[in-house]
There are 2 protein chains.
Amino acid sequence: MQIALDSFDVKLLAALQENSAATNAEIGETIGLSASQVSRRRQKLEDNGIIRRYRAALNPEALGFTVTAFVGVTLGAHSRENARKFRNMVTAMPEVQEAHTLTGDVDYMLKVVVRDLKALSRIVNDELLPQEAVQHVKSSIAMDTLKDDNLLPLA
Amino acid sequence: MQIALDSFDVKLLAALQENSAATNAEIGETIGLSASQVSRRRQKLEDNGIIRRYRAALNPEALGFTVTAFVGVTLGAHSRENARKFRNMVTAMPEVQEAHTLTGDVDYMLKVVVRDLKALSRIVNDELLPQEAVQHVKSSIAMDTLKDDNLLPLA
DNA sequence: AGTGAAAAACAATGGCG
DNA sequence: CGCCATTGTTTTTCACT
């Protein structure tokens, strides 16, 4: 999928990932385009999958999610089938916000968000560790989050 | 800030973080509420800060961001001033999507997104390591991302 | 490539049960 | 809280550069 983006498209994407509630007219004003062009370009970017979706960013603390943890997981004797089961499981777990396979000594890095430490303990001890494939789990708790915007550096 | 949320609010929040482009009528249909009530509740949730903002989720690969890395940073002799400088810097870096202070042997965990390994190298060697406060940096590259939705587990 | 204006869709309020 | 009607925005389409 090779898509040519001009500088208007990039500016539009930057504006939308910053604030998708802005009207086409408002965005047009900031990037120097008419509302109708913003609409047309936006639709093209949605159609070709560059814009994946629109979502509301919620306030975790206000909703009681006070614990964020990074959980490093090391797998044991790599049976293909057990590793697949593990991946399916973490993908399906709602508390797992991110799951990546890493280079280095840790096979997987999970970002987990829960209401309290008890819930984290339950996830590690009752869900992750019982998995056949899992050999070792190491959790680090985020004491403070300086930044969590997950915005692409389009600038 | 103590806010009472009933099950309609929770369902509404779940629907909005899943897809904020849905119309109030569509959301109302899925959560069992009229469009006008969805509108009223949504506004209240925006006003009291439970809904922070609306954003477009973009496709990183389509935009050329092929490298995601987790960078663990250990600070040296903790001069308060140097640590503050470090925090200000990572917060201002657009390539840093997340920055957390952690429990354990690593002081900070950064999630970095860039176009190629060269850009990652530049960030580590030319931006992070020259910082006074930084003693040690260890990067792990995400070879595969299974999940990256950053949705709160409201279910 | 782009604009501007009309038409269609939608959000937001208020009143009533 | 549902329903309905109204009002004002906003999106989208169309004609025209």
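Chain letters run A, B, ... following the sequence lines, proteins first and then strands; every chain starts at 1.
Distance B:I27 CD1 to C:dC10 C1': 12 Å, rounded to the nearest Å.
Within the structure, every pair that satisfies the salt bridge (charged side-chain N to carboxylate O under 4.0 Å, His left out) test and touches residues 126-141 of chain A, not counting sequence neighbours, is listed here: A:R122-A:E127, A:K138-B:D105.
Applying the salt bridge (Lys or Arg N to Asp or Glu O under 4.0 Å) criterion to B:R53, with sequence neighbours excluded, gives A:E18. Residues forming a ring-ring contact (aromatic ring centres under 6.0 Å, His included) with B:F65 (at least two apart in sequence, or on another chain): none. A:Y54 meets the ring-ring contact (aromatic ring centres under 6.0 Å, His included) test with no other residue; sequence neighbours excluded.
Under a 4.5 Å side-chain heavy-atom criterion applied to ILVMFWY residues, the cluster that includes B:V112 comprises A:L146, B:V67, B:V71, B:V73, B:L75, B:F86, B:M89, B:V90, B:M93, B:V96, B:Y108, B:L110, B:V114, B:L117, B:L120, B:I123, B:V124, B:L128, B:L129, B:V134, B:V137, B:I141 as well.
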Original post:
Reading nucleotides 2-17 of chain D 5' to 3', which nucleotides get B (base under 4.0 Å from a protein heavy atom), which S (sugar-phosphate only), which -?
Top reply: BBB-----SSBB----
